[in-house]
Visitor: 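Quick one: this structure, given as structure tokens, is what I'll be asking you about.
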Amino acid sequence: MSAEGARTASGERNERLAALLARVGMADERAFEDVYRLTGAHLYAVVLRIVRDKSIAEEILQEAYVNVWHHAGSYDAARAQPMTWLTSIVRNRALDLKRRREIDTIAWDSGDDETPPIEYPSDGPTPVEMLMTAADSQSVRDCVETLEGGSKQAIALAFFHGLSHGELAAHLREPLGTVKSWVRRGLEKLRRCLDAAGAAE
Amino acid sequence: MNLSGADRRERLDRIAAEFALGTSSPRVRRRLSAIATRDRVVADALTQWERRLAVLADAVPPVTPPPRVWARISARLGLEHRPAVREVPLRWWSRVGVWRALTAIGFVAALVLGVAQLGQQPAPAAAPIVVVLAGSDAKPALIASASRTDRFLTVKAVGGTAPAAGRVFELWALPQGGAPRSLGVIPAGAIVHMPLATPAEESLTNIPALAVSVEPPGGSPTGAPTGPVLYSGSIERMY
């Protein structure tokens, strides 16, 4: 599919979702059901990768949609695209929960050879593969291409699997400082590149 | 933490980036979320980063959640359409954002007009089914009415409402949660009758509202509205 065609499809989806959310804001149950049908599988997949536990992912999804029902009225289409808004709601919930559980278990911070490897869903793409194919626009892929290897890997693992700095260091077997600067440099580079691409469009 | 001063913008941007990416510590996450609720600059920085990174999430292959997730959501919220998420294709009627506002306006207008009609005429003569179809300016454009047993709708154009040359108005029944069903092209004229297959009460069962779209001569070629929806209104049953 061409970048143009894909961008239009994504734009259409967002337009449709914005209209549906406006109706959900007025307690339209049918519109809410449509929002769930259009976004549920995507958001569930995002959460599942971060928490890696089906029943927890289901719970987060439920909470998130209950939240959407109650707060759709305050959704501001001028501030965020619907998918951005929805994705942020579920990612933030998933990350908050994951961090809370880590404090309880500590296991992730041991940082030595005993650290359990991160298990990826076996049939799916790896985080770096997803980062490389990310998004429906060539410009975003071009920006990802500009990242150095370490930054690319760290950002992919952090974004798709919700790894913290400490977890990244353990998983990549690099000092915490190195990983932090990979993340920082990578994000800085992405910002410049994405904003330039966005301004050019 | 003062993050909105001009000299702090760079630091804010970095913190917001790591928040959106997800690598921030729980402490930073909590504090930043709290600050964002009262500081627009911080909230904007977060939103911008969430927007930048959200496109990455598109690459995650979707996983259909088990049906119990929707069942629990709708049970929690006490929704009516509890069991199934139906596979109904979305078309324009899902995009009509002004929709509920229009029907709400129609409702008020219908009550006002209904009362006015009841006032003017002996009660039995007043049509018990009335729909005031109004545009986005809330001005009534068409009034459709019928008695419960009529096998036709009487459609009256208000103030000379008529389609543009070479176009027709098509009337649609909007079932609860379903696709619009055509009631036919509205014939030209100030007061016209549109046949119904069954008595009005039966034809309009489970139809909360009607709408009018602009179509090519002969009506929509697709069976669904193709032109803009100019007027809509909710059905008022005065019995």
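None of the values given here were measured: they were computed from a predicted structure. Convention: sequence-line order gives letters A, B, ...; per-chain numbering from 1.
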Visitor: Can you tell me which portion of B:R29 sits under 4.5 Å from chain A's heavy atoms? Options are side chain, backbone, both or neither.
Guide: side chain

Visitor: Quick one: does B:L53's side chain get under 4.5 Å of A:I155's, heavy atoms only?
Guide: no

Visitor: Just to verify, what does A:S88 make a side-chain hydrogen bond (donor to acceptor under 3.5 Å, both in side chains) with, not counting sequence neighbours?
Guide: B:E50

Visitor: Search all heavy atoms of A:L95 against all heavy atoms of B:G22 and return the closest pair with its distance.
Guide: CD1-CA, 3.6 Å

Visitor: Measure from the side-chain N and O atoms of A:R91 to the backbone N and O of B:A20, and report whether any donor-acceptor pair falls under 3.5 Å.
Guide: yes

Visitor: Do NZ/NE/NH1/NH2 and the carboxylate oxygens of A:E58 and B:R72 come within less than 4.0 Å?
Guide: yes

Visitor: Using the test ring pair (Phe, Tyr, Trp, His ring centres under 6.0 Å), find all partners of B:F169 that sit at least two apart in sequence or belong to another chain.
Guide: B:Y231

Visitor: Please check this pair: side chain of A:R191 against backbone of B:D13, looking for a donor-acceptor N/O pair closer than 3.5 Å.
Guide: no

Visitor: Is the closest basic N to carboxylate O distance between B:R52 and A:D195 below 4.0 Å?
Guide: yes

Visitor: Any salt bridge linking B:E18 with A:K180? Criterion: basic side-chain nitrogen under 4.0 Å from a carboxylate oxygen.
Guide: no

Visitor: Search all heavy atoms of A:F32 against all heavy atoms of B:L77 and return the closest pair with its distance.
Guide: CE2-CD1, 3.7 Å

Visitor: Measure A:V46 against the heavy atoms of chain B and call it side chain, backbone, both or neither at under 4.5 Å.
Guide: both

